[in-house]
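First up is the structure itself, then whatever we jot down about it.
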Amino acid sequence: MAILSIFYSVAFLPHLLPIDPYSKFTQVNLPPGSIGPESVALDRFNQGPYVGVLDGTILKYKGPNIGFVFLAYTSRNRTRELCDVTTDPNLGPICGWPFGFSFNVVTGFLYVVDVFLGLSKVGTEGGNATLIANSAGGVPFQFLNGVDVDQFTGDVYFTDASQTIDIRNITSGNYVPDSTGRLLKYSPITGEVKVLAGGFSLPGGPVISVDRKFVLFAEFSNRRIMKYWLTGNKANTVEVLLYLPGNPIKIKKAPEPGEFWVAVDIIAQQPSSVTPLGYKFNSTGGILLIKEFEGQYNNIRVNVVQEYIGGKLYIGSREAKFVGIYSKW
Ligand SMILES: *[C@@H]1O[C@H](CO)[C@@H](O)[C@H](O)[C@H]1NC(C)=O
Ligand SMILES: *[C@@H]1O[C@H](CO)[C@@H](O)[C@H](O)[C@H]1NC(C)=O
Ligand SMILES: *[C@@H]1O[C@H](CO)[C@@H](O)[C@H](O)[C@H]1NC(C)=O
Ligand SMILES: *[C@@H]1O[C@H](CO)[C@@H](O)[C@H](O)[C@H]1NC(C)=O
């Protein structure tokens, strides 16, 4: 893997891809004790970022003077005494861990996948999240990790990475990848949760294309991006879009129609190291840019790269104590 990554940066980068324009870095620190902003998003008024952190809290950033304020919890069981700023992974099923975000820009609802508790939504005023579903097709969710709203219909696409592995296995490294992950869809009109496709190896980070013809998702273990067709003669089938040199996590739409970002971590075992990257790519699998995060995220995994208008990249990471923002000047 190390050889492949050197090959990539030395042999390919300078010739094929533009110079990295996202060169300015700022960081927004989480409140003391908070860690792991796995999910990061701005709302429809470009306010935020909103983050979900390891102790089960969803926070909203209100600028440098106010900082982060409480927005919501995903768990109804949670007590502040037990859960606030906890880093004990075994409290996760009680305290919750908001793991993926997507706003419905029409209603303002924030859809949240909690890695332990299920799919829920938070209203614009915050408060407790409303649980929508914690199983599909009779199978309980085990490892929800990514979500995206179809802004035209309000349908919600999300992924359950596995039926046997949960996030604690990933954190401890104690797992054998399986192929029981599922791509799911919730319709707010019918209230139905549907299994679109299954049999994937740690799928994550689904995203619906702007033209609404397909959904992309990442297969973490197989190091590839998959395309699930929604329309046309390939409707309801899955094909490989792109192979990557590391493990892809969440995919998000870039501001340019037909373009996407995926967080990719090249994970080496001996010696143990992580090289965090962002790949910008298009709907036919062309790689447009590779962004290196190592300078600011040394040996830390990145989990989501989200670009907003004006060319600002918001970085979510399971291990950081801050939200990183890269901008073009
Ligand atoms: C919100 O959840 C907390 C626990 O997380 C609970 O104590 C409280 O009663 C809930 N509030 C409402 C209005 O349901
Ligand atoms: C509340 O926590 C208990 C474990 O203490 C768990 O069994 C139960 O599923 C939780 N309920 C909810 C609604 O999160
Ligand atoms: C996940 O971890 C638990 C506890 O460490 C272990 O018992 C279980 O076998 C692991 N699951 C898989 C699929 O590796
Ligand atoms: C995707 O990017 C590749 C490489 O830049 C390019 O050749 C291809 O035409 C692009 N596809 C679309 C649909 O823009």
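One-based numbering, in listed order, for ligands and for the atoms of each. What you are looking at is a predicted structure, and each value in this text was computed from that prediction instead of being measured.
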All pairs passing ring pair (Phe, Tyr, Trp, His ring centres under 6.0 Å) where residues 164-194 contributes a residue, at least two apart: none
Residues Lys280 and Glu307 bridged, charged N to O under 4.0 Å: yes
Distance filter under 4.0 Å to Gly286 heavy atoms, resulting ligand 4 atoms: 1 (C), 2 (O), 3 (C)
Contact check: Ser283 vs ligand 4, nitrogen or oxygen atoms, below 3.5 angstrom: no
Neighbouring residues of ligand 3, heavy-atom cut-off under 4.0 Å: Thr164, Ile165, Asn169, Asn174, Tyr175, Val176
Considering all heavy atoms, the nearest Pro276-Val302 contact: CB-CG1, 3.8 Å
Polar contact flag, side-chain donor to acceptor under 3.5 angstrom, Tyr50-Asp43: yes
Distance-only polar pair, side chains of Gln296 and Tyr326, donor-acceptor under 3.5 Å: yes
Geometric class of the Phe214/Trp229 ring pair [parallel <30°, tilted 30-60°, perpendicular >60°]: perpendicular
Side chains of Thr86 and Asp88, donor plus acceptor under 3.5 Å: no
